[in-house]
Amino acid sequence: MSKSYYDPADLRKFGEITEWSEELGKKFFDYYGKVFEEGALSAREKSLIALAVSHVVKCPYCIDAYTKDGLQRGITKEEMMEAVHAGAAIESGATLVHGVQMMNKYKKLSM
Amino acid sequence: MSLKSLKAREDDLSSPQRQLELLSEGIFEEGELPTFKDKIAESGHFPLKPKKLEILQLNLGYMCNQVCSHCHVDAGPDRKEVMTKETMQQCLEVIKNTGAHTLDLTGGAPEMNPNFRWFVEEASKAGIKDFIARSNLTIILANKKYHDLPDFFKKHNVHVVSSLPFYKREKTDKQRGNGVFDKSIKALQLLNEVGYAQPGSDLKLDLVYNPSGAFLPTNQAAMENDFKKALKEDFNIDFNSLFAITNLPISRFLEYLIASENYEDYMYSLVDAYNPAAVENVMCTNTISISWDGWLYDCDFNQMLDLKVNSKVKHISEYNEDLLNDRNIIISQHCYGCTAGAGSSCQGSTI
Ligand code: SF4
Ligand code: SF4
């Protein structure tokens, strides 16, 4: 058993989740594959969105996977970093907008 | 980036034997990943056999003005192996009688062979349909004696295939050395000026893209669009096609993979991306590669691994196309580089 929660080699085994629930695993991977195909959005745009979300959900596997995917697609490191900032901005915005709730509650409770 | 070849550094990896051992040990020996032989056997492709010969690829020597970190030839200024005029003459005899429609000159920097121009002049008389020279571009600016190469190529209607790892300076220079990008851009502009890749002109200029790191190329058509747009907008450069080529795990690229601890992951990526449809079109099925000293190989990669053709005929001096076409192609795990994704060859994707 590995002594750490995350082992980079585990990413290669992702497909094995299907072994313990074939129907759901298969449905997930079909869906996943379909989502990242060329569509109204290009595969390149989707790769950058995936990279941004990977950071927001803080998944080290996804970050590895979509950094490599970006390199393969010729996405530059500047584009990748801007995508990460876009994710981070939404995440910090989501925190900060709750400041309004804090202000509302503060005002309500104060005389 | 090292400024010397593996050979000049007397590195272990300069030995083809050592490279072949590495490619068979570890993950392949322990059965974590299937060997290439087992993999192609699954779809009935073992033994791998040639189809019709279409391309003769001549390696005019391992000497080069650059020392790129990904070079599968281990080329560089310190490599002295260059084809002699005598061997060239033997090649010319073969070229006159071959059924192949394409002649492909490579290296090193083929232009550095002292008999390069004589050979091109002679070979262009043989009536080969597509006459390719693989130029690294910077050679054109490396020395005054090479400045007129664009005109020379034009005069002999040579199809120029040039490597430019990326349309941005940083990645190009990292892989190929400082200043390479600016010189390559200048060289491309010179080729455009004499008529290469211009509307209405027959002079063809193709670019080769290969990833600058431990990852695979994706979609060649999308890459071609990106390259065309960027090179046109930023430098007013035109070219015909882009060939996306996968780096094979041999020689200096293998050195890089091991040193950066990417070797296993890279082999996993190649095996994961294995595409049975690409096996049909691997370039050894339509190519013979000839080394600077006249030996015959299934491809330029096998040449670097010193895997001579498995045929009674092994040297240009005894060349016989019918006998050669009956051979079994020699394979090892490096071959996974040719069958990943959309496939990879000196002409780019294969499917
Ligand atoms: S990759 Fe090409 S240009 Fe670079 S060192 Fe090798 S032969 Fe020379
Ligand atoms: S490396 Fe050479 S022998 Fe192996 S598949 Fe590719 S072209 Fe064929």
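A note on names: the letters A, B, ... follow the listed sequences, proteins ahead of strands, and every chain is numbered from 1.
In the displayed structure, A/E78 atom CD is contacted under 6.0 Å by more than 12 heavy atoms of other residues, nucleotides or ligands. A 6.0 Å sphere centred on CD1 of A/I17 holds more than 12 heavy atoms belonging to other residues, nucleotides or ligands. Dense packing is recorded around NZ of A/K58, with more than 12 heavy atoms of other residues, nucleotides or ligands lying under 6.0 Å away. At most 12 non-hydrogen atoms from other residues, nucleotides or ligands lie less than 6.0 angstrom from NZ of B/K37. In this structure, B/K232 places its NZ atom where more than 12 heavy-atom neighbours from other residues, nucleotides or ligands lie under 6.0 Å away.
Taking both residues in full, the closest heavy atoms of B/M223 and A/R73 are given as CE-C, 3.5 Å, listed atom of the first, atom of the second, then distance.
Taken to the nearest 0.5 Å, the OG1 atom of B/T218 stands 10.0 Å off from the CZ atom of A/R44. Taking CG from B/L216 and CG from A/L71, the interatomic distance works out to 11.0 Å, rounded to the nearest 0.5 Å. For the atom pair NZ of A/K68 and CZ of B/F215, the computed distance is 10.0 Å after rounding to the nearest 0.5 Å.
Using a 4.5 Å cut-off between heavy atoms, B/Y268 contacts chain A through its side chain alone, with no backbone atom that close. Within the 4.5 angstrom heavy-atom criterion, only side-chain atoms of B/Y209, from C-beta onward, approach chain A. At a 4.5 Å heavy-atom cutoff, the contact between B/D226 and chain A is made by side-chain atoms alone. Neither the backbone nor the side chain of A/S42 comes within contact range of chain B; no heavy atoms are under 4.5 Å apart.
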Pair B/D265-A/R12, side chain to side chain contact (heavy atoms under 4.5 Å, CB included): steps then yes or no: CA-CA 9 Å; B/D265 270 338; A/R12 292 176 199 144; 2.5 Å; yes
